[in-house]
Every structure is written in structure tokens, then in C-alpha cells.
Protein chains: 2
Amino acid sequence: MKSPIISLQSAGVLGSNRDAVRQHNLSIILQMIHFYGTVTRSQLTSATGLNRSTISDLVSELEQLGFAHETEGAATSGVGRPSLVVTASTKVVAFAVHPEIDATTVGLVSLSGKVLKTVRVVMGQNPTAADSVKTAAKAIAELRDGLQSDQRIAGIGVAIPGQVRVSDNVVRFAPQLGWIEQPFGSMLSQATGLPVFVDNDASIGCMAERNFGAARGLLDAVYLFAGSGGIGGGAIVNGSQLRGASGYGGEFGHVRIGGAADVDYSGLSGTLESLVRRDDLLQVFKMYSATDQELDQEIRSTKSKEAIKILRKQVASLGAGISTYVNIFNPEAIILAGFLSSLFNFDPEGLIESMKAGTLKAAQERVVIRNGELGEETLMVGSAELAFHGLLENPSDAQLVPVKKAR
Amino acid sequence: MKSPIISLQSAGVLGSNRDAVRQHNLSIILQMIHFYGTVTRSQLTSATGLNRSTISDLVSELEQLGFAHETEGAATSGVGRPSLVVTASTKVVAFAVHPEIDATTVGLVSLSGKVLKTVRVVMGQNPTAADSVKTAAKAIAELRDGLQSDQRIAGIGVAIPGQVRVSDNVVRFAPQLGWIEQPFGSMLSQATGLPVFVDNDASIGCMAERNFGAARGLLDAVYLFAGSGGIGGGAIVNGSQLRGASGYGGEFGHVRIGGAADVDYSGLSGTLESLVRRDDLLQVFKMYSATDQELDQEIRSTKSKEAIKILRKQVASLGAGISTYVNIFNPEAIILAGFLSSLFNFDPEGLIESMKAGTLKAAQERVVIRNGELGEETLMVGSAELAFHGLLENPSDAQLVPVKKAR
DNA sequence: TCTACTTGTTGGCTAAAACAACAAATTGGT
DNA sequence: ACCAATTTGTTGTTTTAGCCAACAAGTAGA
């Protein structure tokens, strides 16, 4: 049931006039090119239902706009004249920024969703928002210098471990970084002259897995992500990302699932984040800090009874949390990322059992628990999606910035 | 971020051809007429952004299809030629069915969303699905006899207190009724010769409040409903109803919010449904059964310390449950219905406080707790919406059934 | 080499929305 | 009572995005 909201005050956007049709068709085709990187023209015709000649016209418009190329590809599959292959232009890129407690990562991503470069700048402890903006802007400037002069930039996407007001790109509260009410978006936009789009890291991860990863094409999915800063999540409902009225939706780490003993990063008790703690695992393994890979290795190989006990407890808690989200969303899949994947790998049956114990029979029938597929590239790919979004929605009016500033 | 799911297998539905535009425009206009009952043509032009002449054309097509009337209404507001008033046709109706433990309610609803008639047939305890179908079919036949011969029927919407597989209208599990795996939809369709659409009662309530009640026009809202059969809910995410992969989404009553002492109707512990129990209130008031109005009266006027203690406890639990949904959905409003409204009225500040204690600061800023507006009509209006849905989506191809069967 | 099949291209066609000009109906001022 | 200003409905024409049909181009298989 996807009825659009009908409001008598909505000034002229509900009706489809002819321009809107053209825009929609261009958008759909560019999105297919974007999500799949490479599509044949015959695939475009059958998927959209539009006429061959219309597709021809639309693709050549996208080519003229500089978003796609057509080549006589080798995608020969069966009899008949081979279809032309359409690929995303390499001339359109976006930057991705991910501030963390000890480093800021900056990436360069192409319109085909490929991560071209990644720069990780290690910083002193507890960087302020200004520090992070400065570091990111410098890295972006360097990457920008390395671009060809005919390339164009869609913008910068930023993944923040914390709550973000999406409407004006303000970081409301990022407990791990210690940031409160930081207008990160406008700061970085000022420093770079590029449009900036900020969002919560877990929401971005969810979007990345939906567009390019383990949740690709799903209409209903839940994503749970755990980094060093706690647990976040995202959900796809009816094919669209859960955002909420102000963009704070999907705070799955802060939902109460159990007793009230432990307290999470935000001062709430009995939450998923307080029961499934990365730090507790590091402690039992006597590690001070570790990458997800190192931690995963330890989890896979441990024989320590104490560690196993803690792991089992965390698996049970994670299962209880998942059951909550299964009851609420009735998703097709639960996607796990960060060290939650390691917990799943450690005891998949245990996790599934614990999930099933808390879910209604009907809802648990179809659901699948799965690990994310994008790994370290998740946030780079997802952040870039924020920057590409406007372009994908309305290709003919897209505002791209040239590599070299006009003098 | 509402990107449509792009799939290479999706056989020809993504592209907008000219027919689709026409269909979309007709649909939008009919929806506005439906949701508001009465709209002026100038409102239609400004809201859709379409040209005056286009609106004129579209409205006259809807008139020819028998879904709307145009009258020289008295909606004179300011200078200029007064605009024509468009109203929903009274010739198009739908039936609504609501089976309960002790009665089955059948309603007749017009395309303007007005409940024209309601029949409540009291039944013996524990009716089977077949009993309920028989009762409903008889009541529908009688109502059908009372219709004018030029009226047309969109179908029957059914609200079930339990989990429903929407794809084939099967009741999976309705604990209160004791129904398991009942193909209610096909049974009722067979008995009446009308198309039948079955869904969960709380989802239907949510839709009703969104389309005609306290959540009208909201893009993000959560609905919580408590009847004699437990607690259910629904959510509007990004303007579309949360349904889930199979239609079991929104089982908010079965989400764990607290300790593990109590057990709900579905055997899960510590859930909202197990902590906020209508039966507990009836017991403390020494009532065996009561309507929501009678219970509300008792709650408003009680001086019993024991009752107040239980009420406060339930308010606190409800607040905790609400906080879970605020963290997850970041809604603009929480809509309460059934005896949850009474709890809210009993101690609004307490409920808000308890909600705030469990929510992240950012998410709790804009949220409002509000009572549903539709009262007893909620399920009648909402069920009829199910039947009207196809008609609203595609007015020109709508399949309506005449009142008198063809011979 | 021929047939079957699929895809690309081209020029003309169509239908639905936009446009423009005018008529109709109201308010308010003189 | 009349006229200007304003808004809306109506009508005939124009525009344009997608469709259609015919043909050319290219592949696989016999």
C-alpha cells in the first residue's frame, strides 16, 4: 500500500506532466547503469518496458550529459544482433568522508560505485569537528588535484558515527567523537566549495548493502552494524530507507531488549549496545585495540572457556535484538556487519535459535540472517551514494562541479 | 531517499509511458477526492501542478467513469469566478467486516470514506472462521439488497485481530479467535461473489488514522492499538505503510520491552502486550467485560489506590514501549487507540516522561503523542480502504461489481 | 549460404498535457 | 449601477515524449 500522501497544500508536485515523465525515465535508466555498472540496451528495454527507440533516445541523452558511454560490447548471449553495452562514465566522481576517533578516512568513488582511492589520515585522539573538517578538506584537495580536468564532482558524502539532522547536515550527537551540535556539513562545504551530504554511518551502511551488497534489490531488510563506537542500524521498508521525521530513525542499538543492568553509550539501559559490546570481547582477549579482522581471527580460534561464555552470551543478546526487529519489520533478510558478523560466524545456529525464540512464527518463516558483503568499502560506497543521489533523481538538471575551479 | 528498486528482472514496469502518466494523474485526483470528500477544481490544479484544462479533462473522465460529481458549489472564497466543486460519488461503496470473539461487525462505507451503515451480529462464544464467514455473508447480502440498482461495489475489506498473509488473504494465527491457517478471504469471496481483502486489524487502524484521522498526511507515524485481544500496531514509514515481506510487519505488541516475568498471548515474555493488559484493569475494577467507553469512564473516575497503582505501572510500561518505537522510527506522532487512549488521558505527563526516559534526545524532540480520532469507525473506514485501493490506484481499469448479479 | 532471431535506426504517428485567447462569474471601489 | 481587477472554466491549437512499423545490421546454427 504505497499511496502517496495527498495534501492540498503540496504546491504542484503530485501530477505528472510531460517533463516529469522524461525525468523519471532518465532517472530510472541512469540508476540501472549506476547500480549494475554495465547494462545492455536490451536489458534496459525489457526492464523498463519502454520501446527500443525510446531507450535509444534516452541513452543518447545520458551520453550527451556525460553520464554514460555506449560501446559495442562483447555481451553476446544467444542469437540475434548483439546489444550495445552501456557503462557509467568514469568522468563523474564523488568523495566520501568518514571521521573516526583516531583517524579520518577519505575516499574517491566513481559513478559506477567503485572505490577508486582511499586515504586514511591518522589523527591525535579526540579530534574536534574542525580538526576533522580540516583533515578531510586537505585530503580532498589532494585527490582533486589528481583528477583529470574533464572529470566532474557530484559532491561529498559524510558518514558520522552518531545522530545527524539530515535536513541541514548538522551532527547532533556523536558520543564516540564527543561532538555535540556540530554543523559539519556547512563547515566542510565552506572548506571545499563542494556540496556536502551528511548522514548516520549505519544508515549509510544499510543503503550501501541495499544498493550494491547483501541486500541488493530487497524491499524489506534490516541492517545491524557494530563498530568501535557502538551499534547502529538501518532498515529498508517497502523499498525505501527508513529515515524518520528528522533523520534519526534506525537507532537500533539503543532499543531495550533485556534487563536494566548495563548502560549504553547514550545512557540507556538494557539496550542491544549495552549487551553486545566489542570492548568486552577485546578485554577477554586481552587486546587494547584491534581491527575487525584481528578480532574475528581471535574469535574463530579461541579455546578460552571464559571467552566462549561471553561470546555465547553476546550471541544470545544479539539474537534477542534481532527478534525484536523481525517482529517489527518482518524483513526478508537481516544483514550483519562489523564484529556482529564474527558473532554470527562463531555460532550461526545459536544466533538463529535465539532469534526464533523471540519471534512470532509467521514472521520468522522467510527471514534470513546474512553477513554484509562490502566489508571495508561499505561506508565509502554508501557515502558516495548520498552525493550521487540528486544526480540519479534528476540527471538533466544535475549540478556537478568541475575539477578545476573557474577563475 | 526513495530510490525505486532497480532489478533487471522486473518485467517492464519501471518506465513511464504515456498511459502510465494518464493513470497516475487520474489516480492522484481520485485520491484527493476520496481523502477529502470534496475538493474544488482550483485546489486540484494548484496541488497537482497540472494545467487547468488538463484537470478539466481528467475530472470529466472520472465523472464519466462514475466516481465523481461536479457541482457549482458554494465554496466561494475571495474574488474571481467560483471554482467547481468535485465530490466523490455515492454510487460506489465497499463492505467492511470485523470478526471478534463474541460478534461480527459488518459495515457499509462510501467512496468518500463515510460509514453509511453498521451491523453488529452477536454470536456464540468461539465462532469458527466458517461461522464468521456465514454471518458476514448474510449481513452483506442484506445490506446489498438495500442498495440502489445503479450503485457499484468495490469489494470487502476484512480486519482480523491476528496475523494475516496478505498475498492470499489467509489468517495465519488469530490467538483471540483461536483461528489457525484459515483461508478467510477465499471463503468469504466464495460466499459473496465479491473480491475480498484481508489484513491485520492494527495495520488497518493505522491506515485509517493516516488517511482520515489523527495521522492524516504524516510521512512518519506509529500507531498503537489495544483491544480485548491484545496490542497491535502499525507504522507509516516515508509515507507508506509498513507491511513487511509477507505482511506480518508491525507486531508491536510482541516486542520485548522489559523483564521476562509475564507472558503475552503469543507466548513471548516481557512484551508490551504482557505488561499493558486490559484484563488486569477489568479485574481491578471488578468488571467481567466492558466496552472501551465503560472502561474509560472507570479509569477517569477511580479513586482506588490499587487501581491507580496498576494504572501508573501500565502507563510506565506503555511509555517504555513507545520509547522503543520512537528510537526506531523517529516518528512525527504516536497515535494511541483503544484503551491505550484512556491510559494516556489518565496520566499524560507520566506517559510522556516515561517515553522520554527511554528515547534519545534528538528523536524525542518533535514527536507528539496523540489519541486516534476515528473511534469506533476506525476499522470500518480502514477495511473499506483495502477494497477501494485498486480503484484508487487505477481508476480507468477498476473492476466494480454491480449490486444486482447478472442473470 | 540460408534461415531464424534479435537488436539498432529511421521517419512518421499519436495522445496527453500545455498553451493562449476568450468567456464567465465574483469582489470591491467609485 | 457600473467598471476594474481577479480568478476560473472552456475551447481550439500546439508541442513533445513515447510508440509504431519497416528495414537494416549482426549473430547462431543447420
Side-chain angles (χ1 to χ4, degrees), chain A residues 8 11-30 38-65 68-86 394-397, chain B residues 8 12-29 39-65 68-86 394-396:
Chain A
L8 290 180
V13 286
L14 291 171
S16 257
N17 51 20
R18 283 173 317 189
D19 296 0
V21 172
R22 184 71 173 182
Q23 177 185 327
H24 175 250
N25 287 342
L26 281 174
S27 166
I28 289 290
I29 289 180
L30 186 54
T38 282
V39 208
T40 68
R41 250 162 70 169
S42 83
Q43 285 177 312
L44 289 174
T45 54
S46 66
T48 58
L50 298 173
N51 193 281
R52 280 213 296 280
S53 52
T54 308
I55 293 291
S56 169
D57 192 36
L58 290 166
V59 170
S60 65
E61 181 164 346
L62 288 177
E63 213 169 356
Q64 275 199 319
L65 289 167
H69 293 295
E70 264 183 321
T71 49
E72 294 186 17
T76 165
S77 63
V79 304
R81 179 175 177 173
S83 191
L84 295 182
V85 170
V86 188
N394 191 353
S396 49
D397 292 357
Chain B
L8 289 180
V13 285
L14 293 170
S16 259
N17 51 22
R18 285 172 316 189
D19 295 359
V21 172
R22 185 71 174 182
Q23 178 186 328
H24 176 250
N25 287 344
L26 281 174
S27 166
I28 289 291
I29 289 180
V39 208
T40 67
R41 248 161 72 167
S42 83
Q43 284 177 312
L44 289 173
T45 55
S46 66
T48 59
L50 298 172
N51 193 281
R52 280 212 297 281
S53 53
T54 307
I55 293 291
S56 169
D57 193 36
L58 290 166
V59 170
S60 66
E61 181 165 347
L62 288 177
E63 214 170 354
Q64 275 199 319
L65 289 167
H69 293 295
E70 264 183 320
T71 49
E72 295 186 18
T76 166
S77 63
V79 304
R81 177 175 177 174
S83 192
L84 294 182
V85 171
V86 188
N394 190 354
S396 49

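Per chain, numbering begins at 1; letters A, B, ... match sequence-line order. Since we're looking at a predicted model, the values are computed, not measured.
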Nearest-Å distance, [atom1] ([X]) to [atom2] ([N])?
X: B/Leu50; N: C/dC19; atom1: CG; atom2: C1'; answer: 14 Å
X: A/Leu44; N: C/dT7; atom1: CG; atom2: P; answer: 12 Å
X: A/Arg22; N: C/dA18; atom1: CZ; atom2: P; answer: 17 Å
X: A/Glu61; N: D/dT16; atom1: CD; atom2: P; answer: 13 Å
X: A/Asp19; N: C/dA16; atom1: CG; atom2: P; answer: 17 Å

Using only side-chain N and O atoms of [X], determine if any of them is under 4.0 Å from OP1 or OP2 of [N].
X: B/Asn25; N: C/dA16; answer: no
X: B/Arg41; N: D/dG9; answer: yes
X: A/Arg81; N: C/dC5; answer: no

*Within residues 51-59 of chain B, residues whose heavy atoms come under 4.0 Å of DNA chain C*: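 Residues of residues 51-59 of chain B that come under 4.0 Å of DNA chain C are, in numerical order, B/Asn51, B/Arg52, B/Ser53, B/Thr54.
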*Backbone of A/Gln23 reached by a side-chain donor or acceptor of A/Ser27 within 3.5 Å*: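 No, the answer is negative, given that no donor and acceptor are paired below the 3.5 Å cut-off.
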*So, does B/Ser83 use its side chain to make a donor-acceptor pair with the main chain of B/Ser42 at under 3.5 Å?*
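Yes; judged by distance alone, with no hydrogens or angles, the pair exists.
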_My understanding is that only residues two or more places apart in sequence, or in another chain, count here; which of them pass salt bridge (charged side-chain N to carboxylate O under 4.0 Å, His left out) with B/Glu63?_
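Applying salt bridge (charged side-chain N to carboxylate O under 4.0 Å, His left out) to B/Glu63 gives none.
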*asked:* Checking contacts here: which listed nucleotide (D/dT8, C/dT7, D/dC19) is nearest the side-chain heavy atoms of A/Ser42?
replied: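 The listed nucleotide nearest to A/Ser42's side chain is C/dT7.
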_From D/dT6, C/dT6, C/dA17, nucleotide with atom closest to A/Val79 side chain_ =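 Of all the options, the side chain of A/Val79 is nearest to C/dT6.
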*Should A/Pro82 and A/Glu72 count as side-chain neighbours, where that means a heavy-atom distance under 4.5 Å?*
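A/Pro82 does not reach A/Glu72 side chain to side chain.
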